**Q** 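This is the structure, below, for whatever I ask next.
Being a predicted model, the structure only gives us computed values, none of them experimental. Just so it is clear: chains get the letters A, B, ... in the order the sequence lines come, proteins before strands, and each one is counted from 1.
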There are 2 protein chains.
Amino acid sequence: MPQDRTPDQSVTVALSRAIHEHKLPPGTKLGEDDLAEIYGVSRTIVRAALRTLAHEQLVQIQRNRGAFVAKPSPKEALEVFEARELLEPRTAHSAAIKATKADVDRLHRHIEREHAAMTSGDHGAALYLSGQLHVEIARIAAQDTITSFIETLIARSSLVVALYWRRESALCESHAHNSLVEAIAEGDGDKAEGLMKSHLVDLHSALDLSQSAPASRTLKQMLSGS
Amino acid sequence: MPQDRTPDQSVTVALSRAIHEHKLPPGTKLGEDDLAEIYGVSRTIVRAALRTLAHEQLVQIQRNRGAFVAKPSPKEALEVFEARELLEPRTAHSAAIKATKADVDRLHRHIEREHAAMTSGDHGAALYLSGQLHVEIARIAAQDTITSFIETLIARSSLVVALYWRRESALCESHAHNSLVEAIAEGDGDKAEGLMKSHLVDLHSALDLSQSAPASRTLKQMLSGS
DNA sequence: GAGCACAAGATTGTATCCAATATCAAGCTT
DNA sequence: AAGCTTGATATTGGATACAATCTTGTGCTC
């Protein structure tokens with residue numbers, strides 16, 4: 001477990017990351033004893049982590065039955081993207097106005113890491129980084145309240161994509177991310193806002209929300225394999 | 001404790017309400033043993049409730065030191081209202097389009113209860129109901145994801161008001177709420193949106209975010225007195 | 001073979017215990 | 001009187017034990 005995080009935070013981060021990378025598909029049962037063994041902690045810690053993830057809506061806890069990776073309905077999927085379309089364009093606008101050279105450099109490096117993961121075949125990491133770029137942009141806007149909402153929405157988006165994504169290509173096209181970062185680098189708020197809006201509408205259009213969803217595998221395999 | 005809620009949910013709701021009604025001012029220490037005794041549950045339940053409230057940002061947990069009613073900084077206060085100004089107008093617009101007669105009746109009755117509380121001198125209840133009207137409007141819009149964000153923002157707003165409110169009058173003027181509900185009753189989305197925007201700008205303007213904040217009293221007094 | 005009932009085992013919910021950390025009070029020094 | 005140190009006490013963090021609930025497997029009946 002990494003530095004100065006409490007035990008439950010470490011488990012939370014690990015599980016969140018695994019969900020984000022589609023190592024734990026929607027519907028996966030998250031048994032307390034299993035996780036306690038896998039992470040080498042007591043059930044107390046696991047329960048705290050699961051509760052946190054439930055509050056973030058990545059996990060659904062059913063009383064007396066256990067915790068499962070959340071499985072957003074088509075309605076929920078739609079809502080998540082609607083909420084993103086309401087929050088992210090203005091946030092990108094604000095980020096463009098506020099970005100420093102260091103911020104832009106960081107975004108460029110982030111995109112490089114995303115591409116590297118994609119070309120090396122690490123789809124899980126690419127997926128995670130793809131979503132995190134949106135979070136990084138929100139952080140530049142320096143509005144923590146809205147950023148925390150965006151973080152939640154990005155995380156839930158990874159579940160939505162796992163269930164409803166209809167395209168063969170990667171989640172976010174590199175072209176879209178590049179253009180966005182360019183607009184931010186130019187300090188062009190309106191352009192960044194417009195590009196973010198188009199990007200989200202594009203993502204939204206790649207979802208097939210006219211269906212439902214599949215089953216699961218054992219916990220240990222999913223948390224170790226890559 | 002009321003019906004079919006788990007023990008920790010009951011404690012969560014009770015504390016949330018108390019915070020909302022300013023019975024527990026920002027900065028109040030929420031000791032686990034104290035709360036366990038007051039609510040007649042074990043520390044396990046209290047800890048779960050406090051964690052939930054921490055996730056909702058009504059409570060701040062400091063490791064090894066305890067839980068305290070959150071005390072938003074001026075920056076956080078500003079952020080909360082900015083986020084509301086981004087989310088609530090469009091939500092009011094949507095609510096106006098979607099509202100049924102039953103919805104409108106419910107809003108009218110809500111306003112009546114708010115007035116009744118105010119005239120009977122039950123300021124805490126009036127305060128709570130004032131904020132909840134915004135939540136009710138969001139519920140009519142039937143977008144659960146955004147509604148949950150608004151719920152969080154309304155709850156945090158009560159903390160902000162406790163710390164930074166500059167006006168002598170009630171939180172939300174009855175005139176503003178009446179107009180809003182009328183626009184919703186008329187199904188006029190643009191009007192509802194405009195009124196909500198003005199209302200929020202008005203609320204925002206009544207905050208003095210150029211200062212900081214006071215101290216506290218014992219837990220039992222605050223949770224029983226009215 | 002299908003369906004039902006029951007018991008055993010697994011898992012979750014909660015309480016209690018123990019360890020770790022912080023706070024407070026008392027005593028001492030300057 | 002103010003400041004520092006030390007020890008006692010209070011409180012929080014985490015583990016473990018026990019109770020409650022659910023799931024699964026076995027045996028019986030039709």
**Q** In a check of salt bridge (charged side-chain N to carboxylate O under 4.0 Å, His left out) between B:Arg156 and each of B:Glu79, B:Glu76, B:Glu151, which one passes?
**A**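 Of all the options given, the one that passes is B:Glu76.
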**Q** Looking only at atom types and distance, does a side-chain atom of A:Lys71 sit under 3.5 Å from a main-chain N or O of A:Pro26, one as donor and one as acceptor?
**A** no
**Q** What is the separation between atom CG on B:Asn64 and atom C1' on D:dA10, rounded to the nearest whole Å?
**A**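 So the two atoms are 13 Å apart, to the nearest Å.
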**Q** Check the pair A:Asp105, A:Lys101 against salt bridge (charged side-chain N to carboxylate O under 4.0 Å, His left out), reporting the backbone distance first and the verdict last.
**A** CA-CA 6 Å; A:Asp105 287 347; A:Lys101 179 157 189 325; 3.2 Å; yes
**Q** Please determine whether a side-chain nitrogen or oxygen atom of B:Lys29 lies at a distance below 4.0 Å from atom OP1 or OP2 of D:dT12.
**A** yes
**Q** Which one, D:dT12, D:dT21, D:dA15, comes nearest to the side chain of B:Glu32?
**A**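 When the side chain of B:Glu32 is considered, D:dT12 is the closest of D:dT12, D:dT21, D:dA15.
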**Q** Find the distance A:Ile45:CD1 to D:dG13:C1' and express it as a whole number of Å.
**A** 8 Å
**Q** Could I get the full list of ring pair (Phe, Tyr, Trp, His ring centres under 6.0 Å) partners for B:His108, not counting sequence neighbours?
**A** none
**Q** Relative to the 5' end of DNA chain D, which residue comes earlier, A:Thr44 or B:Ala67, by the nucleotide with the nearest heavy atom?
**A** B:Ala67
**Q** Going 5' to 3' along DNA chain C, which nucleotides are the first and last within contact of chain B (any atom under 4.0 Å from a heavy atom)?
**A** C:dT14 to C:dT23
**Q** Whole Å only: how far is the CZ atom of B:Arg47 from the P atom of D:dT12?
**A**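 Value for this atom pair: 9 Å.
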**Q** Are B:His199 and B:His177 close enough that their ring centers fall under 6.0 Å?
**A** yes
**Q** Between P on D:dA15 and CG on A:Asp8, what's the gap in Å once rounded to a whole number?
**A** 10 Å
**Q** Using the salt bridge (charged side-chain N to carboxylate O under 4.0 Å, His left out) rule, pick out the option among A:Arg47, A:Arg65, A:Arg51 that qualifies with A:Glu32.
**A** A:Arg47
**Q** At less than 3.5 Å, do the side-chain atoms of B:Arg43 and the base atoms of D:dG13 form a donor-acceptor pair?
**A**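 Checked by distance alone, the answer is yes.
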**Q** Whole Å only: how far is the CZ atom of B:Arg51 from the C1' atom of D:dT12?
**A** 12 Å
**Q** B:Arg63 side chain N/O closer than 4.0 Å to the phosphate oxygens (OP1, OP2) of D:dG14?
**A** yes
